[in-house]
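Hydrogens, waters and symmetry mates are skipped; everything else that's a heavy atom, side chains included, is used. Throughout, protein chains are lettered first and strands after them, A, B, ... in sequence-line order, and every chain is numbered starting at 1.
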Protein chains: 2
Amino acid sequence: MKRKMTLKQIAKELDVSVSTVSKALKDSKEISQDTRDKVQAFAKLYNYRPNNIAISLKNRQSRNIGVIIPDIVHHFFTQVISGIENIANANGYNVIVCLSNESFEREVLNMEALAQGSTDGFIMSLAKETQEKGDYHHLREVVNMGMPLVMFDRVADEIYCDKVVIDDAQAAYNAVNQMIGSGCRKIAIISTHDHVSVGKLRTLGYMNALRDAGIELNENLVVKVDGEEACAEAARKLLKYQVVDGIFAVNELYAIIAMQEAHKREFRIPEDISVVGFTDGILSKYSNPPLTTVVQHGFEIGEMTAKMLIDKLEGREPEDHYRTEVIKTTIELRESTRNEATTTL
Amino acid sequence: MKRKMTLKQIAKELDVSVSTVSKALKDSKEISQDTRDKVQAFAKLYNYRPNNIAISLKNRQSRNIGVIIPDIVHHFFTQVISGIENIANANGYNVIVCLSNESFEREVLNMEALAQGSTDGFIMSLAKETQEKGDYHHLREVVNMGMPLVMFDRVADEIYCDKVVIDDAQAAYNAVNQMIGSGCRKIAIISTHDHVSVGKLRTLGYMNALRDAGIELNENLVVKVDGEEACAEAARKLLKYQVVDGIFAVNELYAIIAMQEAHKREFRIPEDISVVGFTDGILSKYSNPPLTTVVQHGFEIGEMTAKMLIDKLEGREPEDHYRTEVIKTTIELRESTRNEATTTL
DNA sequence: AACGTTAACGAAAACGTTTTCGTGTTAATA
DNA sequence: TATTAACACGAAAACGTTTTCGTTAACGTT
């Protein structure tokens, strides 16, 4: 490993002091033009670059942003990372990505490791396990240390920090409302056994939409499942034993699976049954027929989290004041729904 | 921002020297049991953690791995990152992710920024622009500095470093061979205008498979496209003007698009036409019918790159000796092909 | 009494910066 | 000529560690 050029070496070579070199490189007028030129030329020649670590130590900041997410293979999270990276990069920050893999322990370990100087602040979405446990001591700790924290998507209400979320209930409401507008009356919802808000909120939006349209809630059309197989099974039952003319699924995958089951039973989509998903991903775009979905705008969420964090880091926002930004969802109308001239949201 | 506990503070509080504290915390027997206990208790009470940055500076290593990839929203890359993260984490390394967004400039900038102490080594896949330019000075630079570099997928042959790739030609050969085995004789290939090896190699494998099966190459069945629309157009022409009983696409998306076009023209899949894609992603699994694909095993590729890098970093591999690992691909047989009892590869 | 040994600790250097506060030299001013 | 101001630079501290090399005191050995 070749030694890297340092101020000290330059100083020695040019027979000046380290301070002089440092100042000369910053074009400080405390140093004569002559010396400045000499130093700069030498530095350029040997391709001198200041050592990030030394600067971090000196300034007590790393210019790194720690991102802790449950998992990276989901489209939504990659979009968020993309957005974060975009803003971070533009502001001279690097992004350190850690995966909790939905594990509480790894989430804690990762946070603790990064919190000791590696990172100036955190952006995170909670692991499922963490949500179930409801143990947020690690979050409290970093917040108490004065490290800015921005949570998104899966957030902990009881932690005081900046947050970026979508209005799940409203988004679900809009989606279901759209289905109603296109003539659906027997709309089923396929949701998850969420220990968390997300599933509940989306179900709530579903119910409100029905209520506001004067449609009575049929409990048989409200199903909660975990896993692909369970979803397929539930869809089969739904289609076999119930009268259904619309299915609203709380994620993309469940919607696709429901569509597949509908196909198998020879339902026509969207003529016989409309299907709407949540979280716009690549599946929705290329499924057959393409799926109408609620778009969460992960990229914008990522950008927003990064903006909020950097604002805190650079002192543009007061430390002790926390905001919760709600990012608007939209509906991407595709061919799995009958899209009359109803206003798109 | 509350000050973090440091050795110096502990020393002051307990009225001993910094060195004593440092040694006591490491349970050095140079220090009396008494003092050790006292120091450790105090440190625990105040939740002392050593500052990563200071340690990095001292040890001249960051325990960070820099990963530079063109883009993160593709399933393949997220799988690779997952694999990297998995191994890195297990070995006490963090992963810094930077996106080049296929831009040469950002790739260079990111590398240069990370190379100054932030990172002990790099794992990367080249941006398209970089490949077109063929300008690899930034890679040379980090290699010359003695920083380990591992390239994967889109690699630069002329750079001496560790590499992890798949055998594109062989994989394509196997895929096409599989189609031939199931009775296809008029097999088309939809490839990209790659300035790079990948497209060429896969086409080569396609040709070899035909040759070895004694099937004459029909140039009309070899199409190169860029972009989704172009692909759809090409598929339409293929299906309209040529006799085709199999389509091999060099990526997942093109395969799906080809299937859609085939559906529109009322071809039955796989009865009339077999379709095979490359790069197993979520689309393949949930398309209708599910798509037979060549699986690249991104997770394993990621794990391998991380292993190789860490081996170098920890001195388990000689600095000046470079390996190229070829990760085996497999074929995931699904319902877009007629899967006779031919050996799966 | 002189010497060596050991235990327990501290001082200081080092990692590579930045920044404050001198200090010596020269030139301008009173 | 004496004073001041400007200029050009260096020394040293600081960021938080780790590690080497003392140093001191107590004790045991001849």
Side-chain angles (χ1 to χ4, degrees), chain A residues 1-40 42-43 46-64 113 115-120 145-146, chain B residues 1-40 42-43 46-64 113 115-120 145-146:
Chain A
M1 165 80 99
K2 254 181 278 178
R3 262 294 78 70
K4 289 213 54 195
M5 188 52 62
T6 72
L7 289 186
K8 201 192 276 191
Q9 288 176 54
I10 301 184
K12 193 193 257 180
E13 292 295 323
L14 295 176
D15 208 37
V16 292
S17 77
V18 173
S19 357
T20 302
V21 177
S22 175
K23 291 170 193 164
L25 288 176
K26 308 202 117 64
D27 240 344
S28 155
K29 45 182 48 178
E30 215 182 317
I31 304 300
S32 72
Q33 191 62 53
D34 236 41
T35 313
R36 270 188 271 170
D37 291 346
K38 227 185 319 177
V39 172
Q40 287 171 13
F42 190 91
Y46 286 95
N47 201 16
Y48 167 80
R49 292 287 149 72
N51 180 309
N52 292 334
I53 300 285
I55 292 181
S56 289
L57 183 58
K58 185 102 239 288
N59 298 346
R60 290 212 203 73
Q61 57 153 324
S62 61
R63 293 198 88 77
N64 285 152
Q116 315 305 323
S118 304
T119 265
D120 296 341
M145 281 173 46
Chain B
M1 163 79 99
K2 254 181 282 180
R3 256 303 72 71
K4 291 215 50 197
M5 189 52 62
T6 71
L7 289 186
K8 203 192 275 191
Q9 288 177 55
I10 301 184
K12 195 194 253 178
E13 291 296 324
L14 296 177
D15 208 38
V16 291
S17 76
V18 173
S19 356
T20 302
V21 177
S22 174
K23 290 171 194 165
L25 289 176
K26 305 204 120 63
D27 240 346
S28 155
K29 44 181 51 176
E30 216 181 319
I31 305 298
S32 73
Q33 191 62 52
D34 235 41
T35 313
R36 269 187 270 173
D37 291 345
K38 227 186 321 178
V39 171
Q40 287 172 14
F42 189 92
Y46 285 96
N47 202 16
Y48 167 80
R49 292 286 150 73
N51 180 309
N52 292 334
I53 300 287
I55 293 182
S56 289
L57 183 57
K58 184 105 241 287
N59 298 345
R60 290 211 200 75
Q61 57 152 332
S62 60
R63 292 199 87 77
N64 286 154
Q116 315 304 323
S118 303
T119 265
D120 297 340
M145 280 171 48

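In this structure, CG of B/L14 is placed 16 Å from C1' of C/dA8, rounded to the nearest angstrom. Distance CD1 (B/I10) to P (C/dG10): 14 Å, rounded to an integer number of Å.
For the atom pair CE (B/M5) and CZ (B/F42), the distance works out to 5.0 Å, reported to the nearest 0.5 Å. Atom CD in B/Q40 sits 10.5 Å away from atom OG1 in B/T35 (nearest 0.5 Å). With rounding to the nearest 0.5 angstrom, the NZ atom of A/K4 is 3.5 Å from the CD atom of B/Q116. Atom OG1 of B/T20 is separated from atom NZ of B/K38 by 10.5 Å, given to the nearest 0.5 angstrom.
Look at B/T35 and you won't find any side-chain N or O under 4.0 angstrom from OP1 or OP2 of C/dA8.
If you find the closest nucleotide of DNA chain C to B/D15 and to B/N59, the one lying nearer the 5' end belongs to B/D15. Two residues, B/Y48 and A/Q33, neighbour DNA chain D, and the one matched to the more 5' nucleotide by heavy-atom proximity is A/Q33. If you find the closest nucleotide of DNA chain C to A/L57 and to B/K29, the one lying nearer the 5' end belongs to B/K29.
A donor-acceptor contact shorter than 3.5 Å is absent between the side chain of B/D27 and the backbone of B/R36.
If you check every strand for non-hydrogen atoms under 4.0 Å, A/S19 touches a base. Using a 4.0 Å heavy-atom cutoff across all strands shown, B/R36 reaches no nucleic acid atom at all. Counting any heavy atom pair closer than 4.0 Å across all strands shown, A/K23 reaches a base atom. In this structure, B/S22 reaches the bases: a heavy-atom distance under 4.0 Å links it to at least one base atom across the strands shown.
For the residue pair A/N64 and A/T119, no side-chain donor N or O sits within less than 3.5 Å of a side-chain acceptor on the partner.
Nucleotides of DNA chain D with any atom under 4.0 Å from a heavy atom of chain A span, from 5' to 3', D/dA8 to D/dG16.
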